[in-house]
Amino acid sequence: MTDAQKTYLTHQRHLVQLERDEERRLHLEVIQAMPLVKRVAKGYSWYPLQVTETGYGIGGRPTVTVVREGEESHRFRSGTSINLMTTQPMVNGPQRSGVIHYIKKNTMKIVLGGEDLPDWLNGGGVGVDLMFDERTYVEMDRALQRLEDAEGGRVAELRDVIMGVRPAEYRPVDPSAVAHLGHLNDSQRSAVQEVLGSDHLSLIHGPPGTGKTTTLVAAVGELVKTEHRVLFCTPSNSAADLVTMRLAEMGLSVVRTGNISRVEEDVLRHTLDIQIAGHPDTEQVKKLRKEAADLRKKANKRKGREKGLAFRDAGRLSKWASQLEDRTLDHVLDTTQVVVCTLIGAAASILSNHDFKTCIIDEAAQALEPATWIPILKSNRVVLAGDPYQLPPTVKNREAEKKGFTETLLEKSLAIHGRNALLEVQYRMNEPIMGYSNEYFYEGRLKAADLVAKWSLPGVPLAESVVFIDTAGTGFEEKLHPRFKSRYNDGELNILMEHLLDLRSAIPPEDLLPTVAVITPYRQQVMKAEDLFDEEPRIDDFNLTINTVDGFQGRERDVVYLSLVRSNEKQEIGFLGDYRRMNVAITRAKKYLIVIGDSATIGNDKFFAGFLEYVEKHGLYQTAWEYMK
């Protein structure tokens with residue numbers, strides 16, 4: 001390894017530590033310092049809870065399912081580290097760490113640490129606190145350490161190729177090898193060729209709506225013809241769930257390891273837990289685990305030599321159960337065609353003895369570089385797929401952000417290697433909605449598929465599919481919420497509501513209503529919009545989604561309203577200046593995009609100046625005064 005590589009990896013480990021320290025500080029100083037009532041109100045805790053089910057999962061780890069009352073928003077997600085606790089007085093060990101296996105509405109299933117369930121579970125006063133997730137940072141640092149230590153073999157070879165020390169090798173694949181993939185377009189088939197022909201690294205650049213996941217799923221279908229199995233990873237649990245369903249729909253055998261976001265049958269039946277549960281040896285494992293747990297309880301009531309012997313017997317039963325379960329796990333993982341998990345999930349102990357010829361990493365432009373290396377270390381070659389012109393990974397530490405922690409391995413690889421497969425046909429937007437993003441980010445190389453190129457909303461001319469409603473001069477200035485420090489703009493929401501009501505009244509009663517999304521960069525504007533729309537019965541029949549731009553990435557609707565919020569005399573636009581976020585925002589609509597903002601605030605910025613000019617030429621430019629009744 002070169003000195004430059006060592007310096008680079010040391011720098012990456014430093015950035016991981018900065019981010020770890022920042023998240024720990026936020027947790028200790030902000031969250032843990034709050035009283036329980038405030039943590040519940042802020043969404044950092046669930047309390048009180050009812051325990052509805054208990055059991056034991058993979059590895060003999062105890063599981064608890066809890067249900068809460070109320071509908072308050074919260075910050076819990078599948079894979080989140082938590083602390084299960086009780087407020088009962090005089091309880092021995094009133095806290096237990098765990099991880100959320102899945103969460104659905106007001107139900108949460110938790111996998112606990114340790115061997116046994118807490119004795120206090122059924123005594124009331126049970127709650128769950130959000131905890132700082134140390135494991136993510138430990139695994140990222142461990143991956144970087146392995147890269148540093150590798151002196152030979154495939155890990156060192158892949159590291160050197162990806163970092164540009166040696167060239168990536170490629171064996172041309174004849175187009176006839178993918179000609180049977182008739183459901184793909186030419187650029188998608190070329191991308192599959194790229195995957196099949198690469199010896200080390202292939203890069204798939206998938207702009208919005210170009211069928212990136214469809215292409216990757218097709219590539220997996222080809223790979224499993226010659227490979228034992230494929231590892232497919234994504235940065236998030238929700239993305240991993242979607243990929244699992246897509247692969248299963250293609251008729252492939254899939255095992256989804258780790259935590260899940262979606263608990264529908266389509267995902268559940270492919271989880272490792274369910275597949276293990278259906279194995280004939282599992283009943284014996286459960287029996288042994290129960291006997292061991294009963295022995296440990298009895299042992300705690302004994303003394304002296306009898307206590308030691310009881311614990312010894314319990315240990316033997318647990319060891320026997322673990323050996324039997326390991327054999328079952330290996331059988332399930334060895335006989336599947338695809339293993340799907342998150343990047344961090346690839347570090348799980350259940351995969352420690354399993355390697356893969358090919359690892360595909362989807363949404364690689366949203367993944368921190370150290371996390372991306374985790375599954376790469378288990379593979380002989382890697383496919384990085386994503387779009388560097390959409391949202392980057394979230395980084396909480398300002399110093400780490402300034403030192404390049406948001407720059408992903410996909411971006412760096414594109415810069416180093418150049419060679420990539422660009423997916424050129426998009427299937428989401430009509431041509432006017434696609435146009436500005438195509439010009440600004442993709443050098444005009446995107447084409448709208450015939451199916452979508454000319455479609456529009458009934459009653460809306462194609463040439464008016466993109467609308468900008470200008471609030472300049474109306475006095476609709478942004479406001480800052482004093483507690484949440486997030487911005488909002490009531491005036492923009494009022495204009496948005498008027499436009500939506502006009503749209504609703506123009507749709508005949510017999511027509512199918514379009515799907516509608518209201519998106520904005522600011523969380524407080526989302527909350528204001530939710531309150532406003534809840535009080536308007538005339539739009540109740542719309543299939544309406546309200547979310548932040550970040551929360552809406554990867555999704556689409558027929559009609560999208562984008563509220564920019566920023567309106568001030570200093571012409572400050574804040575993180576509207578992150579053009580990748582804006583690229584996501586203006587590429588969510590299929591047939592009708594309405595952007596509401598203040599041209600006097602945004603007009604001096606090059607991106608927005610270009611967008612306003614584009615709307616004047618290729619869309620409909622209106623003023624807010626037209627909607628002020």
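Remember, it's a predicted structure, so these values are computed and weren't measured experimentally. Throughout, numbering of the chain's residues begins at 1 and tracks the sequence.
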For the residue pair [X] and [Y], establish whether any side-chain heavy-atom pair is separated by less than 4.5 Å.
{"X": "Ile361", "Y": "Val382", "answer": "yes"}
{"X": "Pro388", "Y": "Leu414", "answer": "yes"}
{"X": "Val518", "Y": "Ser563", "answer": "no"}
{"X": "Tyr592", "Y": "Asp558", "answer": "no"}
{"X": "Ile260", "Y": "Asn237", "answer": "no"}
{"X": "Met582", "Y": "Ile586", "answer": "no"}
{"X": "Glu431", "Y": "Lys454", "answer": "yes"}
{"X": "Tyr561", "Y": "Leu593", "answer": "no"}

Anything under 30° is parallel, anything over 60° is perpendicular, the rest tilted; go ahead and classify [X] against [Y].
{"X": "Tyr389", "Y": "Phe441", "value": "tilted"}
{"X": "Tyr436", "Y": "Phe611", "value": "perpendicular"}
{"X": "Phe607", "Y": "Tyr440", "value": "perpendicular"}

Before accepting this row, confirm whether a basic side-chain N of the pair [X]/[Y] lies closer than 4.0 Å to the acidic partner's carboxylate O.
{"X": "Glu424", "Y": "Lys447", "result": "yes"}
{"X": "Asp598", "Y": "Arg566", "result": "no"}
{"X": "Glu556", "Y": "Arg428", "result": "yes"}
{"X": "Asp541", "Y": "Arg504", "result": "yes"}
{"X": "Glu399", "Y": "Lys402", "result": "no"}
{"X": "Asp531", "Y": "Lys528", "result": "no"}

- [ ] Give the intermediate values and the outcome of salt bridge (Lys or Arg N to Asp or Glu O under 4.0 Å) for residues Glu363 and Lys212.
- [x] CA-CA 9 Å; Glu363 305 295 359; Lys212 173 172 54 63; 3.4 Å; yes

Would you check if there is a donor-acceptor pair between the side chains of [Y] and [X] at a distance under 3.5 Å?
{"X": "Thr587", "Y": "Ser437", "answer": "no"}
{"X": "Tyr427", "Y": "Asn185", "answer": "yes"}
{"X": "Tyr488", "Y": "His481", "answer": "no"}
{"X": "Tyr621", "Y": "Asp470", "answer": "yes"}
{"X": "Thr372", "Y": "Glu369", "answer": "no"}
{"X": "Ser567", "Y": "Glu477", "answer": "no"}
{"X": "Tyr442", "Y": "Asp387", "answer": "yes"}
{"X": "Gln622", "Y": "Tyr627", "answer": "yes"}
{"X": "His180", "Y": "Glu222", "answer": "yes"}
{"X": "Gln390", "Y": "Asn583", "answer": "no"}
{"X": "Asp174", "Y": "Ser176", "answer": "yes"}
{"X": "Arg557", "Y": "Thr545", "answer": "yes"}

Under 3.5 Å, is there a donor-acceptor pair between the side chain of [X] and the main chain of [Y]?
{"X": "Arg381", "Y": "Val195", "value": "yes"}
{"X": "Thr471", "Y": "Thr474", "value": "no"}
{"X": "Ser599", "Y": "Gly603", "value": "no"}
{"X": "Thr408", "Y": "Ala365", "value": "no"}
{"X": "Gln193", "Y": "Val173", "value": "yes"}
{"X": "Asn430", "Y": "Ala453", "value": "no"}
{"X": "Tyr614", "Y": "Pro432", "value": "yes"}
{"X": "Glu626", "Y": "Thr623", "value": "yes"}
{"X": "Arg256", "Y": "Val267", "value": "no"}
{"X": "Ser202", "Y": "Ser198", "value": "no"}

Return the [atom1] to [atom2] distance between [X] and [Y], rounded to the nearest 0.5 Å.
{"X": "Glu464", "Y": "Leu462", "atom1": "CD", "atom2": "CG", "answer": "10.0 Å"}
{"X": "Glu194", "Y": "Leu201", "atom1": "CD", "atom2": "CG", "answer": "8.5 Å"}
{"X": "Thr80", "Y": "His74", "atom1": "OG1", "atom2": "NE2", "answer": "9.5 Å"}
{"X": "Leu384", "Y": "Glu411", "atom1": "CG", "atom2": "CD", "answer": "11.5 Å"}

Flag yes if more than 12 heavy atoms outside [X] fall under 6.0 Å of its [atom1] atom; otherwise flag no.
{"X": "Arg398", "atom1": "CZ", "value": "no"}
{"X": "Lys412", "atom1": "NZ", "value": "yes"}
{"X": "Arg269", "atom1": "CZ", "value": "yes"}

Considering all heavy atoms, the nearest [X]-[Y] contact:
{"X": "Pro208", "Y": "Arg588", "answer": "CB-NH2, 3.8 Å"}
{"X": "Glu492", "Y": "Gly597", "answer": "OE2-CA, 3.6 Å"}
{"X": "Leu562", "Y": "Val549", "answer": "CD1-CG2, 4.2 Å"}
{"X": "Gln426", "Y": "Ala448", "answer": "NE2-CB, 3.5 Å"}
{"X": "Asn489", "Y": "Val565", "answer": "ND2-O, 3.0 Å"}
{"X": "Leu343", "Y": "Pro375", "answer": "CD2-CG, 3.7 Å"}

Open item on the list: Evaluate Gln571 against Asn604 for side chain to side chain donor-acceptor pair (under 3.5 Å), listing each step before the verdict.
Closed with: CA-CA 8 Å; Gln571 299 179 332; Asn604 283 336; 2.7 Å; yes

Task: Verdict with reasoning, Asn568 to Thr601, per side chain to side chain donor-acceptor pair (under 3.5 Å) - done: CA-CA 6 Å; Asn568 57 75; Thr601 298; 4.9 Å; no

Open item on the list: Would Asp241 and Tyr102 count as a side chain to side chain donor-acceptor pair (under 3.5 Å) here? Give the steps.
Closed with: CA-CA 11 Å; Asp241 291 346; Tyr102 68 72; over 6 Å; no

- [ ] Carefully, step by step, assess Ser236 and Arg77 under the rule side chain to side chain donor-acceptor pair (under 3.5 Å).
- [x] CA-CA 10 Å; Ser236 69; Arg77 301 288 182 271; over 6 Å; no

Task: Stepwise ring-ring contact (aromatic ring centres under 6.0 Å, His included) test for Tyr522 and Phe575 - done: CA-CA 9 Å; Tyr522 293 93; Phe575 56 65; 4.8 Å; yes

